[in-house]
*Asks:* 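Take a look at this one; I'll ask things after.
Quantities reported herein were computed from a predicted structural model and do not represent experimental measurements.
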Amino acid sequence: MSFAYFSNIGMQTIAPGASVQFNQQPLPAVLPVDIAFVAPSQIVITTPGIYEFSFYALPWNSDITLALYIDGVEAPLTRYTTVTSAGVVYGQALINVALVPAVITLVNVDSSFSATLADGERPNTVNASLMVSKLTE
């Protein structure tokens, strides 16, 4: 099974329609041939198949609604939200990626509000992450 983990440490503001950025070294350090990363926000799927995506975000000053985009279009059933500024957004999706290469981004789909991801109370606190796993061979 191919997988990759992307994360962010440090405060960032995500404007409406903008992508969450990931500023840490992906894991594993040498990504599998199915998954590539174009910093700071694009995950590129290079082999067709069914992929599982799990994401997390910790907003600081507002609620946030996030969705996965494939080649600039929101993927169905990938939109998750929080209704309080103290909430955490968790999301997951299974996506059949048939056309490759496919560029995946995690986007703030709120049309009105920017969201700031918190820096955390302790140093090196992850405030956004995205896990990608290929389920089919």
Side-chain angles (χ1 to χ4, degrees):
M1 175 171 74
S2 299
F3 69 91
Y5 175 77
F6 307 91
S7 61
N8 183 77
I9 293 175
M11 190 173 288
Q12 70 171 289
T13 299
I14 309 158
S19 299
V20 174
Q21 298 183 3
F22 303 103
N23 64 6
Q24 299 301 297
Q25 173 71 35
L27 296 173
V30 176
L31 293 174
V33 296
D34 305 314
I35 305 166
F37 182 57
V38 179
S41 62
Q42 296 181 343
I43 290 83
V44 181
I45 303 300
T46 59
T47 306
I50 297 174
Y51 289 80
E52 178 180 17
F53 297 84
S54 300
F55 60 85
Y56 157 91
L58 179 61
W60 173 63
N61 63 344
S62 66
D63 58 344
I64 187 173
T65 302
L66 297 172
L68 292 167
Y69 275 50
I70 301 174
D71 295 328
V73 177
E74 185 176 341
L77 304 174
T78 66
R79 184 179 284 207
Y80 289 83
T81 192
T82 180
V83 294
T84 68
S85 60
V88 174
V89 178
Y90 294 101
Q92 64 182 34
L94 293 177
I95 299 175
N96 184 8
V97 180
L99 300 174
V100 293
V103 176
I104 310 295
T105 51
L106 183 59
V107 176
N108 175 6
V109 294
D110 192 308
S111 61
S112 303
F113 297 103
S114 294
T116 299
L117 299 182
D119 201 14
E121 292 183 21
R122 302 280 185 246
N124 299 318
T125 299
V126 173
N127 61 16
S129 66
L130 176 63
M131 178 78 172
V132 182
S133 301
K134 185 177 184 192
L135 301 179
T136 59
E137 292 301 321

*Asks:* Looking only at non-hydrogen atoms, find the nearest pair between Ser114 and Pro16 and report the distance.
*Replies:*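 Residues Ser114 and Pro16, closest heavy atoms: OG-CD, 3.5 Å.
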*Asks:* Check whether any side-chain heavy atom of Asp110 lies under 4.5 Å from a side-chain heavy atom of Ile64, and answer yes or no.
*Replies:* no
*Asks:* Should Ile104 and Val132 be marked as a side chain to side chain contact (heavy atoms under 4.5 Å, CB included) after you check the CA-CA gap, both sets of side-chain angles, and the distance that decides it?
*Replies:* CA-CA 10 Å; Ile104 310 295; Val132 182; over 6 Å; no
*Asks:* At their closest point, which heavy atom of Asn23 faces which heavy atom of Ile9, and how far apart are they?
*Replies:* ND2-O, 2.7 Å
*Asks:* Can you check whether Ile95 reaches Ile50 side chain to side chain, under 4.5 Å on heavy atoms?
*Replies:*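 No, side chains not in contact.
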*Asks:* Considering non-hydrogen atoms only, spot the tightest contact between Thr82 and Pro59 and give its length.
*Replies:* CG2-CG, 4.0 Å
*Asks:* Could you go step by step and tell me if Leu66 and Thr81 meet the side chain to side chain contact (heavy atoms under 4.5 Å, CB included) rule?
*Replies:* CA-CA 6 Å; Leu66 297 172; Thr81 192; over 6 Å; no
*Asks:* So, do Asp34 and Tyr51 sit near enough that their side-chain heavy atoms are less than 4.5 Å apart?
*Replies:*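 SC-SC contact between Asp34 and Tyr51 confirmed.
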*Asks:* Evaluate side chain to side chain contact (heavy atoms under 4.5 Å, CB included) for Phe3 paired with Glu52, printing each intermediate quantity in order.
*Replies:* CA-CA 9 Å; Phe3 69 91; Glu52 178 180 17; over 6 Å; no
*Asks:* Does Thr65 use its side chain to pair, donor to acceptor, with the backbone of Arg79 at less than 3.5 Å?
*Replies:*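 Checking the backbone N and O of Arg79 against the side chain of Thr65, no donor-acceptor pair under 3.5 Å is found.
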*Asks:* With a 4.5 Å limit on heavy-atom distance, are the side chains of Thr78 and Phe53 in contact?
*Replies:*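 No - every pair of side-chain heavy atoms lies 4.5 Å or more apart.
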*Asks:* Aromatic rings Phe22 and Phe6: how do their planes relate, parallel, tilted or perpendicular, breaks at 30° and 60°?
*Replies:* tilted
*Asks:* Could you check whether atom CG of Leu77 has more than 12 heavy atoms from other residues, nucleotides or ligands sitting under 6.0 Å from it?
*Replies:* no
*Asks:* Heavy-atom count check: over 12 atoms from other residues, nucleotides or ligands less than 6.0 Å from Phe113 CZ?
*Replies:*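 Counting other residues, nucleotides and ligands, CZ of Phe113 stays at 12 neighbours or fewer.
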*Asks:* Does Gln92 CD have over 12 foreign heavy atoms under 6.0 Å away?
*Replies:* no
*Asks:* With rounding to the nearest 0.5 Å, note down the distance linking OG in Ser133 to CD1 in Ile35.
*Replies:* 7.0 Å
*Asks:* Among the clusters formed by ILVMFWY side chains lying less than 4.5 Å apart, do Val44 and Tyr5 turn up in the same one?
*Replies:*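 No; tracing contacts between hydrophobic side chains, which count when under 4.5 Å, never links both residues.
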*Asks:* Less than 4.5 Å apart, any side-chain heavy atom of Trp60 and any of Asn127?
*Replies:* no
*Asks:* Which value, rounded to the nearest 0.5 Å, describes the distance between Ile45 atom CD1 and Gln42 atom CD?
*Replies:* 12.0 Å
*Asks:* Do Val100 and Val103 share a hydrophobic cluster (ILVMFWY, side-chain heavy atoms under 4.5 Å, transitive)?
*Replies:*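 In one cluster: no.
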*Asks:* Would a 4.5 Å heavy-atom cut-off, applied to side chains only, mark Tyr56 and Met131 as touching?
*Replies:*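 With C-beta onward as the side chain, the pair stays apart.
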*Asks:* List the atom of Val97, the atom of Ala102, and the distance in Å for their closest heavy-atom pair.
*Replies:* CG1-CB, 3.7 Å
*Asks:* Do Tyr90 and Ser54 touch side chain to side chain, with heavy atoms closer than 4.5 Å?
*Replies:*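 No - every pair of side-chain heavy atoms lies 4.5 Å or more apart.
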*Asks:* Kindly say whether Gly10 contributes a backbone atom to a donor-acceptor pair with the side chain of Asn8 at under 3.5 angstrom?
*Replies:* yes
*Asks:* In Å and rounded to the nearest 0.5 Å, what is the CD to OG1 distance from Gln21 to Thr105?
*Replies:* 11.5 Å
*Asks:* Can you find a pair of side-chain heavy atoms, one from Leu130 and one from Leu68, that are under 4.5 Å apart?
*Replies:* yes
*Asks:* Of Leu58, Val20, Val89, Val126, which is the lone residue that meets side chain to side chain contact (heavy atoms under 4.5 Å, CB included) with Leu117?
*Replies:*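 The side chain to side chain contact (heavy atoms under 4.5 Å, CB included) with Leu117 is passed solely by Val20 among Leu58, Val20, Val89, Val126.
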*Asks:* Any idea which heavy atoms bring Thr136 and Gly49 closest together, and the distance?
*Replies:*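 So the two residues come closest at OG1-CA, 3.4 Å.
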